[in-house]
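One structure is given here, and the rest of the page talks about it.
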Amino acid sequence: MYVVRPVALADIDALEAMAAVTIPGVHTLPRTRASIAASVERSIASFAAHVDIPSEESYQFVLEELATGSIAGTAAIHASAGSTGTYFAFRNDVVRQVSRDLKICHSVHALTLCSELTAYSQLSGFYLRNRETAGLEAALLSRARLLFAVLAPHRFGDRFFVPLAGVTDSGGQSPFWNALGRKFFKMDFLDAERVVGGARNRTLIVELMPHYPVYVPLLPGGAQAALGQIHPSGQLAFNLLTEEGFEADDYIDIFDGGPILQAHKNSLRSFCGSVLRRVETAEREAAPEALASYALAASNERSFRAITAACPPVETGQTVSLPKEAQEALGVEPGESVICVRI
Amino acid sequence: MLVIRAIKMTDVDALIEMARQAGSGMTTLVPDSKMLGERVETAVASFAEAIAPEKRDFMFVLEHAGDGSIAGVCAIKGAVGLTEPFYNYRIGTLVHSSRELNVFTRMETLYLSNDLTGSTELCSLFLLPQYRAGFNGKWLSKSRFLFIAQFQHLFTERIIAEMRGFQAEDGTSPFYEGLGRHFFKMDFNDVDGLTGRGKKSFIAELMPRQPLYVDYLPEDAQAVIGQVHTSTLPARKLLEQEGMHFEGYIDIFDAGPVLQGRVSELRAVRESVLALAEEGVPEGETEHVLVSNTRLPDFRMILTRAVPGAARVALSAQELAQLHCQAGDDVRMLSLNVRKNVNG
């Protein structure tokens with residue numbers, strides 16, 4: 001059984017081992033022990049913080065395999081993208097070219113530097129150790145962040161987005177970057193990512209990036225082909241997020257041209273499809289066909305826990321019947337409330 | 001003997017024939033009898049000062065005095081862009097700089113502009129192939145400057161000339177292929193044709209409204225920005241000698257340069273002189289000069305030899321007749337060639 005819980009100081013070793021196998025420019029995890037420790041401490045402080053207006057808080061979660069206590073993955077959510085700055089992205093505009101006199105009418109795509117995603121809540125740092133063989137726990141890890149947001153809405157914005165890594169080759173070259181960012185930054189993609197520290201809220205972005213729209217037809221074929229395409233390693237995350245209700249196509253990353261998925265919380269299944277139910281103990285083994293898979297999260301935000309469990313449908317009743325070990329994993333007693341959403 | 005004179009209604013047929021020979025690429029001289037007929041009407045009214053200065057369109061023909069046939073044409077449009085928008089790209093510079101990264105990037109940009117609206121335009125120059133010898137081409141082109149020098153008050157301070165842009169051997173424009181095609185999905189020649197028939201502003205309306213970064217264009221498109229068609233090189237040089245120069249405005253389709261000049265700085269304005277015509281044979285060190293009469297409705301000009309800058313100019317009886325002048329009349333005179341070492 002897997003549980004998603006807030007990261008703790010004891011997880012630093014495991015996270016360091018995990019970061020060692022991530023790909024720069026593709027994964028957004030901190031990579032050095034010092035930066036991992038800083039990130040964990042920031043998360044602990046964020047969970048403990050009393051929040052009026054979402055700001056610099058960043059909540060990091062780990063996926064723990066309960067039997068072994070090992071860490072199988074991690075994911076994070078920032079309360080407010082850009083923090084105290086501005087989050088920059090390219091908006092994917094469609095310009096209609098119409099001339100009645102010449103009977104011409106067609107569309108031209110243009111990328112415009114924008115800051116509209118600022119103050120959205122941002123999902124990031126999703127990493128799963130055994131991506132290929134992962135089962136429901138992958139969906140749990142991705143969704144747990146949103147369940148936390150459902151339980152603590154005051155800590156987050158009304159809108160959420162997730163940048164997914166764009167296409168790069170094995171040498172770390174990004175065709176999109178080479179056609180666009182490189183002309184302004186005069187450096188390699190990975191060097192640029194390193195100097196900005198993976199951030200999209202630095203002043204130097206507005207200093208260097210194009211102020212005027214970039215007309216997509218003018219970009220080389222390779223860059224156009226990479227536009228809005230995900231790195232193969234992001235397929236799982238992409239599938240999970242689109243199932244959740246996130247939409248691609250509106251925004252893309254200014255560096256690698258990867259898609260930025262975004263949604264209002266009301267169109268996300270974790271928000272609109274979740275229900276609060278009182279826990280009761282499952283009396284006896286029910287027939288498997290009478291059970292449905294749920295992601296469950298404990299409603300006490302101070303001790304957030306999320307698991308998946310198979311239980312009888314909860315939509316019609318007031319309760320959710322859970323086996324003892326599920327209650328223990330969630331840290332709840334019968335009579336307490338948990339949030340449930342089908343998974 | 002050849003004479004350059006103000007156009008007349010009787011020249012329309014010859015003009016249409018000339019436009020036919022000029023072929024595509026001459027967007028200011030299209031073989032459309034209705035359009036040309038109207039244009040000549042405007043020109044005649046212009047010389048008669050019957051229409052407002054900004055509407056005037058002075059057309060001149062090079063006439064063979066022997067049989068009255070027409071060998072060439074050229075024109076000065078009083079003001080462009082007042083009835084339909086006149087578009088150009090202005091080449092600008094944007095600097096993207098970050099102290100933090102120690103990066104300093106200088107980006108060339110193309111701004112869609114109507115900056116040249118209201119300028120006087122030199123246009124529609126065409127000389128029949130069999131007359132492309134001697135000084136005819138040079139004279140025909142420069143005749144317009146002498147006209148402007150004589151009637152400065154009729155023109156705006158800014159003079160422009162659009163030069164045909166670079167084309168590959170197969171007639172395609174690398175600049176158009178790299179930019180315009182993405183926005184019109186039409187062949188360059190079709191666009192050019194529409195431009196000549198006065199549909200230019202329609203097309204321009206389909207161009208991207210926001211400034212473009214030159215760096216995004218394909219290299220061959222970047223390379224021809226401000227470059228003229230190979231066959232237009234001599235014409236460009238000629239205009240530059242007369243005081244016109246490239247100031248960063250280009251055609252939105254083929255990126256050909258727009259040459260600009262200020263009336264007060266034209267060589268013709270600075271160096272042409274009014275002289276007293278007299279009948280006789282020139283004496284002293286003569287060179288080729290343009291000599292015109294000073295009458296707008298019946299403007300005429302010849303090319304002859306005289307002492308440039310002198311207060312009197314000796315002309316033969318035939319030359320006086322061609323100018324519709326008599327001895328004792330004022331004429332305006334300008335040396336054909338630029339003096340090489342003005343300052344010794």
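The chains referred to below are lettered A, B, ... by the order of the sequence lines, with proteins before strands, and numbering in each begins at 1. Note that these values count all heavy atoms, side chains included, but never hydrogens, waters or copies made by symmetry.
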Q. Aromatic rings Y213(B) and F184(A): how do their planes relate, parallel, tilted or perpendicular, breaks at 30° and 60°?
A.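 Ring orientation, 0 to 90° scale: perpendicular.
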State plainly whether the residues [X] and [Y] are in salt-bridge range, i.e. N to O under 4.0 Å.
X: D250(A); Y: R91(A); answer: no
X: D32(B); Y: K34(B); answer: no
X: D251(B); Y: R164(B); answer: no

**Q.** Option in V103(B), L217(B), T109(B) with maximal non-hydrogen atom pairs under 4.5 Å from chain A
**A.**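 Of the candidates given, the most pairs with chain A belong to V103(B).
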**Q.** Interface moiety of Q210(B) toward chain A, non-hydrogen atoms closer than 4.5 Å
**A.**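 When you check distances to chain A, atoms from both the backbone and side chain of Q210(B) fall under 4.5 Å.
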Q: Counting only heavy atoms closer than 4.5 Å, note whether L179(B) contacts chain A via side chain, backbone, both or neither.
A: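 Both the backbone and the side chain of L179(B) come within 4.5 Å of chain A.
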Quick one: of [options], who has the most non-hydrogen atom pairs under 4.5 Å with chain B?
options: R96(A), H211(A), E207(A), K186(A); value: E207(A)
options: P217(A), A110(A), A179(A), P220(A); value: P217(A)
options: S107(A), P210(A), P213(A); value: P210(A)

Q. Would S46(B) and R56(B) satisfy side-chain hydrogen bond (donor to acceptor under 3.5 Å, both in side chains), going step by step from the backbone distance to the final call?
A. CA-CA 5 Å; S46(B) 303; R56(B) 289 178 196 170; 5.5 Å; no
For [X], is it the side chain, the backbone, both, or neither that has a heavy atom closer than 4.5 Å to a heavy atom of chain B?
X: Y215(A); answer: side chain
X: M187(A); answer: side chain
X: V95(A); answer: neither

(Q) For S173(B), is there any backbone N or O sitting under 3.5 Å from a side-chain donor or acceptor partner on Q167(B)? (A)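 Judged by distance alone, no pair lies under 3.5 Å.
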Q: Identify the residue among D11(B), L36(B), D13(B), V73(B) that makes a side-chain contact (heavy atoms from CB on, under 4.5 Å) with M18(B).
A: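 Of the listed options, the one satisfying the test is V73(B).
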